[in-house]
Amino acid sequence: MALQTRRPPSFASLDGIYNVATQNSGRYVYGYPRTFDPNFKGPVAKRSCTDVLCCIIFILFIIAYILLGLVAWVHGDPRRVAYPTDSKGHFCGQKGTPNENKTILFYFNLFSCTSPSVVVNLQCPTTQICVSKCPEKFLTYMEIQFRYRTNKHYWMYYSQFCKSPFVKPAKTVTQVLLDDDCPIAIFPSKPFLQRCFPDFTTKNGTLTVGNKTIFEDGSGKTRNAVELRTAANRVNKILDARAIGMKVFEDYATTWYWILIGLTIAMLLSWLFVILLRFTAGFLFWVFMVGVIGIIGYGIWHCYQEHSNLQGRPNSHLTIYDIGFQTDISMYFQLKQTWFAFMIILCLLEVFIILMLIFLRERIRISIALMKEGSKAIGYLPTTLIYPVLTFIFLSICIAYWAVTAIYLATSGVPIYKVISPERTCKHENTTCNPEIFNTTEIARVCPGAQCNFAFYGGKSLYHQYVPTFQMFNLFVFLWLINFVIALGQCALAGAFASYYWALKKPDDIPQYPVFTAFGRAIRYHTGSLAFGSLILALIQMFKLVLEYLDHRLKEAQNNISKFLQCCLKCCFWCLEKVVKFFNRNAYVMIAIYGKNFCRSARDAFNLLMRNVLKVAVMDKVTDFVLILGKILVAGCIGVLAFLLFTHRLPMMIEGPTSLNYYWVPLLTVIIGSYLVAHGFFSVYAMCIDTIFICFLEDIERNDGSAERPYYMSQSLLKILNEPSMQTKKH
């Protein structure tokens, strides 16, 4: 009953945390009109659909997105990504084709592939055919012509790497080069990414190919392994990465169950940390602040010691202006002025932190109390910790649909062929051509050695002309859906935690299935509002991506002024995105509580936060600190245990995996995974704190502690708020 009869305290010492003018009968707070119901008892149950127009637009975009996926599925062919393609645009290894048993792509002359990226992108200016296996020995066309007279087996082996079968090697080398029927030489190779790459090995520090360092290239020139590696240097790096990749795969195969155990322990630790915050939040914060003050104090003492040690040393009295700009930074540390400046900066920082802790101590206490209240709320609503799994499933569906649609759009069309010349001197370079009649055209006569090779998939139909536009639409709707899923999760969790706060008798008055109820309300009534907020974010993120794309495409053509302007634009959009995310988050809380449209909820949230801007800043930073500390604590504990396990430092307690190639691979996986698990749990906790904070501000502005308008806050929060009232009565 004490809660029902307590009169409103004076919050002057809390800098206006609550200062209602009684003569206005609660209609105004700090000049802002009060538009909410004074008989409010929790999240509004009777609601109507909000932002219907945006909801309709959102649904139409989703329907168009589905139709785009269907059209892309009809026109696209993902086999063009899965299978390598020869110079004629035919798939290697495709069932039901002559290349069904020829699954590997073979390059006639790898020396012409001077750019490694050209090889990977199938744009190497040499003929590419599908083969069943890669060459295993050194052979040249001239050598085959000589050996054919005594042993026809060599020609049978060599002919499988030609465009079409020949009875015998009757053509001269010059004719073979002109007609491009066969490679003039083959080298020992191994398949990688379904392509034949040279089999490089190192013996006694010498690079070899098939145990040879020098070999004939078939055109009368002597080549060495270094030249071949230079022609495909990055391809060789990929080959080196293959061995590393296999070892990494072996490590994962050995330690996968230990990784799952580590992530499970991280989940339990995260849950335990959130539950125990009601007892440890204040301790963690003040211990950290004492540590920060101590570290800065040590820095001041160290600067003073360095300044004293430089007394009497030659040139230590010089100033930074005297020595000017120096590339050797250590020279600045030989000056007394440098250490004196550091000491002054640290002293000012130390004084600033101490003063902030003194003058903001009440707000810090309230922030810590709210964090403890959030931990208690999650204890009463444990199902909220499962919701990140649902968000993860929704996000995975959105990402998978976007990726599949993008692949189908990218593989839409028919094969397009381009003229490619080895010397890059042909004036018809990169013009379209027809491989069936290319040898009879004027281009083949003007540009000897030029080839008509497959380039990409495309077309001239209306659909193919708008494929880039469809890709942009695919990306934009993907960003919209991703932000909508996140907004839906925030609104659902806010509704659940608001139902906890506005329960007068906790936990008896908490409704059943609060998470499910809040999720249903958000979907049924506020899809339009959530789509509105996520649309704003999607537009900002789309502009950021366009800026990044322009920066990438125009990087070489930019001057310093354009680079500076573009950097400013990126910074502005980054700040704008952060601000919009912050206000959207609080707008979703207001939507979950009152059920109003997005603009009105955003306005009410903005006004409420601006009336309590200092408390918002303190609350935000205190919460961020504790959550970051919790993430580091969980990831650090699991990381230490994983390090001791994978490095066999715990033989007496438990036997870890043996014979790991790189112990740091599963170690980093466990640490990063633990951090992400903790982030998922703490994102729920952060939403809980934000919701309870806004409900708390609404509570003290709406109610006065009387029997007619009692406070809904917990006894611990009420005790903190009543202390200033007791002090006022004493005065």
Which residues satisfy the side-chain hydrogen bond (donor to acceptor under 3.5 Å, both in side chains) test with Asn586, sequence neighbours excluded? none
Do Cys688 and Leu493 come within less than 4.5 Å of each other through their side chains, counting heavy atoms only? no
How long is the span from the CD1 atom in Ile345 to the CZ atom in Phe340, to the nearest 0.5 Å? 11.0 Å
Quick one: list whatever passes side chain to side chain contact (heavy atoms under 4.5 Å, CB included) with Ile358, sequence neighbours left out. Ile354, Arg361
Using side chain to side chain contact (heavy atoms under 4.5 Å, CB included) as the criterion, list what pairs up with Val351, not counting sequence neighbours. Leu355
Qualifying salt bridge (charged side-chain N to carboxylate O under 4.0 Å, His left out) pairs with a residue from residues 529-546, counting only residues at least two apart or across chains: Lys544-Glu577
Considering all heavy atoms, the nearest Ala492-Ala518 contact: O-CB, 3.2 Å
Taking atom CE of Met356 as the centre, report whether more than 12 heavy atoms of other residues, nucleotides or ligands fall under 6.0 Å from it. yes
What distance do Leu357 atom CG and Met289 atom CE have between them, rounded to the nearest 0.5 Å? 4.5 Å
Measure the shortest side-chain to side-chain distance between Leu535 and Phe476 over non-hydrogen atoms and say whether it is less than 4.5 angstrom. yes
Exam field: side chain Asn597 to backbone Arg600, donor-acceptor pair closer than 3.5 Å: yes
Sorted by chain and number, sequence neighbours left out, ring pair (Phe, Tyr, Trp, His ring centres under 6.0 Å) with Phe606 holds for Phe583
All N/O donor-acceptor pairs, side-chain side in residues 479-490, below 3.5 Å, sequence neighbours left out:
unit_1, atom_1, unit_2, atom_2, d
Trp480, NE1, Ala531, O, 3.0
Trp480, NE1, Ser534, OG, 3.1
Asn483, ND2, Leu479, O, 2.8
Asn483, ND2, Gln541, OE1, 2.9

Check Ala605 against Ala587 and note the closest heavy-atom contact, atom names and distance. CB-N, 4.1 Å
Output all residues satisfying ring pair (Phe, Tyr, Trp, His ring centres under 6.0 Å) with Tyr501, sequence neighbours left out; order by chain, then residue number. none
What are the two closest heavy atoms between Leu547 and Lys570, and how far apart are they? CD1-N, 4.3 Å
Do the side chains of Ile62 and Val477 get nearer than 4.5 Å, heavy atoms only? no
Determine whether Lys581 and Leu537 satisfy the following criterion, side chain to side chain contact (heavy atoms under 4.5 Å, CB included), listing intermediate values before the conclusion. CA-CA 7 Å; Lys581 280 184 177 180; Leu537 264 180; 3.7 Å; yes
Counting neighbours of CZ on Phe342 that are heavy atoms of other residues, nucleotides or ligands and sit closer than 6.0 Å, is the number greater than 12? no
Looking at every non-hydrogen atom in both residues, tell me the closest pair between Val670 and Ile638 and how far apart they are. CG1-CG2, 3.1 Å
So how far is it from Ser270 OG to Lys631 NZ, rounded to the nearest 0.5 Å? 10.0 Å
Mind checking whether Glu701 and Asn612 have side chains closer than 4.5 Å, heavy atoms only? yes
State, yes or no, whether a side-chain contact exists between Phe497 and Asp690 at a heavy-atom distance under 4.5 Å. no
Would you give the length of the straight line joining atom OG1 of Thr384 to atom CE of Met687, rounded to the nearest 0.5 angstrom? 12.0 Å
Going by the rule ring pair (Phe, Tyr, Trp, His ring centres under 6.0 Å), which residues pair with Phe693 if we only count those two or more places apart in sequence or in a different chain? none
Taking atom CE of Met590 and atom CD1 of Ile694, what is their separation to the nearest 0.5 Å? 6.5 Å
Are any non-hydrogen side-chain atoms of Phe273 and Phe681 less than 4.5 angstrom apart? no
With sequence neighbours excluded, residues passing ring pair (Phe, Tyr, Trp, His ring centres under 6.0 Å) with Tyr685: none
I'd like to check the side chain to side chain contact (heavy atoms under 4.5 Å, CB included) partners of Ile672; sequence neighbours left out, ordered by chain and number. Leu676
Quick check for you: to the nearest 0.5 Å, what is the distance between Met343 atom CE and Leu348 atom CG? 11.0 Å
Can you list, pair by pair, the side-chain donor-acceptor contacts under 3.5 Å of residues 390-406, counting residues two or more places apart and other chains?
unit_1, atom_1, unit_2, atom_2, d
Ser396, OG, Phe392, O, 2.7
Tyr401, OH, Tyr65, O, 3.0
Thr405, OG1, Tyr401, O, 2.7

Any side-chain heavy atom of Thr50 sitting closer than 4.5 Å to one from Phe598? no
Got a donor-acceptor contact below 3.5 angstrom from the His75 side chain to the Val71 backbone? yes
Residues two or more places apart in sequence or in another chain: which of them pass side chain to side chain contact (heavy atoms under 4.5 Å, CB included) with Cys567? none
Are the side chains of Leu608 and Arg611 in contact, using a 4.5 Å heavy-atom criterion? yes
With no hydrogens and no angle check, is any side-chain donor or acceptor of Ser529 less than 3.5 Å from a backbone partner on His526? no
Might you point out which heavy atoms bring Leu530 and Cys491 nearest each other, and give the distance in Å? CD2-CB, 3.9 Å
